[in-house]
Amino acid sequence: MPELYLRFLNRILTPVLLLLSLYLLLRGHNLPGGGFIAGLMAAAAFQLQILSRGHERVRRTIGPYLNSGIGLGLAVAICAGAVGLLDGIFFKGVWFSLNLPVLGYLKIGTPVIFDLGVFLVVVSVATSYLLGLSRVSDAAALLRQDTDAPVRSDSPASVMPDANVEPSHRAEP
Amino acid sequence: MLAASLSLIIVSGVILYWIQPHRRAWAGWLSALPPLAVTVWQLATALPFLNGDAGTASSAKAALPNGAILVEQYRWIESLGLELSFRLDGLSLLFGLIISGVGAAVALYTHYYLENDGRQGYFYLSLFAFMGSMLGLVWADNLLTLFVFWEGTSVTSYLLIGYSHQSAVARGGARNAFIVTAGGGLALIAGMILLGQQSGTYTISEIVARPGLTDLDLYPAILILILLGAFSKSAQFPFHWWLPGAMAAPTPASAYLHSATMVKAGIYLLARLHPALSGHPMWLWALLIFGGTTMLVGAITAVRHWDMKALLAYATVSQLGILTTLLAFRSEAALLAVVVGILAHALYKGPLFLVAGIVDHATGVRDLRKLAGLRSSLPVTSAAALLATLSMAGIPPLFGFVSKEALLESFFESGEHGEIAGWIAFGAATLAGTFFVTYSLTLLWEAFLRPGSTGEAEGSTRESSGHIVQTRVHHAPAAPFVAAPLLLAATGTAAPFALQPLDAFLTSAAASIAGAPVHKHAALWHGFTPVLLTSLLAIAAGVWLFQKRYYLRRALALLPENLRGVVLFQNFLDGIYALGQFTARFSQGYTLATQAAIVLLAAFVPVAVALLQIAPGDLLTPSGVLPGAPETVLILMTVVSAYVTVRIRTSLGAIVSLGVVGVSVTLFYVFFSAPDLALTQLLIEVLTVVLLVLVFTKLPPDIRPPMQKLKQIRNVLVALAAGAFGFFLVLFNTSEAMQAAKSISGYFLHNAVPKGNGTNVVNVILVDFRAFDTMGEITVLALAALGGYALLNAPRVNLPSWTSQRPESESTESRQNPTAAETEQSSTESPAKAGEK
């Protein structure tokens, strides 16, 4: 029962991965990290979720937000660029400092906000693919169980990337 | 105030959309108010100036040069040198009044034409957006401002023509009109930029005041480009066919766009630039030839059409040709004739279209073969039609007659001055005038005047349709519905008797075209002149042709169908579609491996070309350092795992060894301290491998078939080329020549902290220095996600052949069919997905 390990790992790792992704996003401007990397990291967290809990349940929880996440990310990125227009040029970086009570002195600029948009797009796109592909592969597995016996020789898997192969190749040793 | 008027028009369009006008009886009146207000405001502003030298007006006039009444400027995009500048002078006033005045009538009319139509609000929105664009176009004093509004009219007219979007005819007409006018717009912007650059300013009033533009070397290019824009917009030959096609629009739009306003935009542009560009023989002959052809083609083909709107459309084409021909000349008489012609045309063609709409609305018929006796069933409408049609025919003493006299006289005058062009134009205009009379009478007689009984001799003997019955009116028009055309027609009828007060208005418009004061005056009666005689002869000939119209129609019907512009254009479009399909099939119709090979080889070609041009010694690294132990291990690891990937016979094995390749590359990044790259690559490897494993574990264990020999050789060659591409690209970059060249990395390294406020240079480049690139990348990513979403969630695309080979499992098959389709996708798509990420 491999899912048991996975479920256990999932409990621990998903929050860690998500936090790590947030960390990578925030520190990205000064240290290795940034929107792309953080987005992929978050997608990895969702991948783990999909593996352990099945794509159906993950889709129910985050599925509805994915497409809007893509749009939101693009919108955030464009807005971050548009702020520069106030200063004359699209995508001109505008920086301002905040003095927050807990976090202390924080310097925020439109490039960082832009990075947030990148993050949103990347995580939504990647997760959307992961969900779609795992659904399709589950469906394929179902089909395989159903049709195992009669059509062993030309099952769906014969439609390989290298697609123009004769289906009768199984006959060969 | 000009900008405020524009905003008023556009905002009222939104308000009209919002109040759901089809449910409000008063919406028609409300909609007429904003254009009416703009009309009144323009009159009020202009009157003191037009009335001449009295007091305040003259002092204000002195302040504004070149007869401007009002000038406004707003900042827009300063970094591009763009500004919104507006200027009201005689010509813009003439057009502005027509646009807002006819606009008010059309707005009122629309409410009744589209009664009970749920999309009436949408129509109003588009109509008012169009009105705003058109007003902006004629008020603009900057070439680029003008262009923005010019394109605005193209887009909004597309929406208006395609209003009945469920009809293929409407969609086709809208598309053709848009392609032609927007294509002309592309030529126009090029011409405008050339003109602006050559004259050093984009302000129209300054360009116009500048002498010597016709002597420029680039003058022919400027002229041709601008004429392309103007001709396509104003439906001049050979673009004239889009205008009849645009008649699929609801009638208010036809009346407004395709007679009174939009098609005049090209005329307006020619008139506006007349002082700067005219005077060159090229200008004269281009306008004369194309205008003359248009006038004749329009006038002659108008007779052949049975549809009232098509007939009117060709008549409009003809009138536009006349205006273009007039603009070829520089005499005061010609320019005054342009002004009178524009006004007269708006005042007779507008109401005629509106009348056609009422007839259509009331009887459901627009075909002249089926209409008869509307005189008795729609008396008021017929009265408006009578006035407008007689004016169109140029029967004295209506406004059309004044217009025709003015134009014939101006041609005659040019001819007398020894210009051969004048005589050509005179002849063409006389011929066109004859046909004007013919189709006007045809329209008037067949639709309105002929008694609707079986005893109509001509109709019953000549036409195969047999008896012409009195057209039944099943839907009596409401009073305001009829009021709109009647008002316009009445204005047109009254105008010739009010030429005295109108004079200042007309001459100031003509003066704007001429760029100098005009002393010529329009008159109803010129005395017994050769021109009058010609005019009367033309009328007589027109009446004769009207009586022989069945022969005429039969002769015109003999013209070959596929010489028509629409057909030719459709062939052209079909050609483009075929080319597109061919290109797609040629470049994308292969298996994934072949497509990847194409891309890789395309990348390799430039490198190969560069390799041939470089001495091998130049590429060796300057230091000549050999790789150390860790690098050697990594290289071996990469090569071995790559070999395993190729040779291994199971999919899962290939996936895993591919992962090993990726991780080895990641380790390279680590060794050469590129943590960002390493992180990204690692994450992508993990995601890809897990994803592929996810997909392939669920599929039956599969052993890859042995590949065909030929294919194997091809793949090896492609792989070698791809490897050479990467290898030599790196060598190029590390070669001495490249190192000596100025590298951009220094800039990024030095400016990341001071300018980008970040110490991670890679990230600063991504989100700050090269943010535009990143923006493009995430947009592509988003689009790829949409494509993937569509593919992965499609219920069924193509059923693989094996699903239909199992008759025994019918039930499971029908249940599982969707998944079967997805399965095929999963196996063919997944490597592509991996590649995208």
Side-chain angles (χ1 to χ4, degrees), chain A residues 28-32 34-37 40-41 43-44 47 51 67 70 73-74 77 81 88 91 93 95 107 109 111 114-115 117-118 121-122 124-126 128-130 132-144 146-147 150-151 154-157 159-165 167 169, chain B residues 79 591-593 651 675-676 679-680 683-684 686-687 690-691 694-695 698-700 702 704-705 707 756-760 762-764 766-768 771-772 774-775 778-779 781-782 784-785 788-789 792-793 800 802 805-806 808-809 812 816 819-820 822-828 830-831 833 837:
Chain A
H29 212 57
N30 291 316
L31 294 163
F36 268 109
I37 294 169
L40 291 173
M41 185 68 87
Q47 168 96 296
L51 284 179
N67 280 355
I70 296 172
L74 284 179
F91 274 126
W95 292 86
K107 205 166 183 188
F114 179 77
D115 219 12
V118 174
V121 172
V122 171
S124 313
V125 169
S128 151
Y129 270 131
L130 291 171
L133 282 171
S134 34
R135 191 181 78 108
V136 168
S137 71
D138 271 14
L142 248 169
L143 183 75
R144 183 184 151 212
D146 273 9
T147 61
V151 280
D154 38 13
S155 61
V159 195
M160 280 297 296
D162 213 337
N164 35 7
V165 191
H169 63 268
Chain B
S79 53
T591 57
L592 194 62
S651 307
D676 281 280
L679 258 175
T680 315
L683 279 164
I684 285 190
V686 169
L687 282 177
V690 176
L691 190 75
L694 193 74
V695 173
K698 306 256 167 88
L699 295 178
D702 166 62
R704 288 196 288 178
M707 213 179 262
N757 275 327
T759 50
N760 180 357
V762 175
N763 187 261
V764 172
L766 277 179
V767 299
D768 201 340
F772 250 126
T774 312
M775 187 73 225
I778 57 175
T779 311
L781 204 58
Y789 187 85
L792 294 173
N793 294 293
W802 50 268
Q805 290 168 1
R806 292 171 290 124
E808 73 276 10
S809 56
T812 46
Q816 293 300 335
T819 53
E822 290 151 10
T823 313
E824 187 193 38
Q825 279 162 26
S826 80
S827 49
T828 51
S830 47
K833 293 291 120 56
K837 279 188 231 156

Once you round to the nearest 0.5 Å, how far does [atom1] of [X] lie from [atom2] of [Y]?
{"X": "A:Gln47", "Y": "B:Leu683", "atom1": "CD", "atom2": "CG", "result": "11.5 Å"}
{"X": "A:Phe114", "Y": "B:Thr774", "atom1": "CZ", "atom2": "OG1", "result": "5.0 Å"}
{"X": "A:Asp115", "Y": "B:Leu766", "atom1": "CG", "atom2": "CG", "result": "7.5 Å"}
{"X": "B:Ile778", "Y": "A:Phe36", "atom1": "CD1", "atom2": "CZ", "result": "7.0 Å"}
{"X": "A:Tyr129", "Y": "B:Leu687", "atom1": "OH", "atom2": "CG", "result": "13.5 Å"}

Quick check on the interface: out of A:Ala44, A:Gly35, A:Gly117, A:Gly28, who has the most heavy-atom pairs with chain B under 4.5 Å?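 Result: the option with the highest number of such pairs is A:Gly28.
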Using a 4.5 angstrom heavy-atom cutoff, name the option from A:Ile70, A:Leu31, A:Ile37 with the most pairs to chain B. A:Ile37
Specify which of B:Asn763, B:Asp768, B:Thr779 makes the most heavy-atom pairs with chain A at under 4.5 Å. B:Asn763
Among B:Val686, B:Leu679, B:Val762, which residue forms the greatest number of heavy-atom pairs with chain A at distances under 4.5 Å? B:Leu679
Chain A contact via B:Val764 - which portion, at a heavy-atom distance below 4.5 Å: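 Interface part for B:Val764: both.
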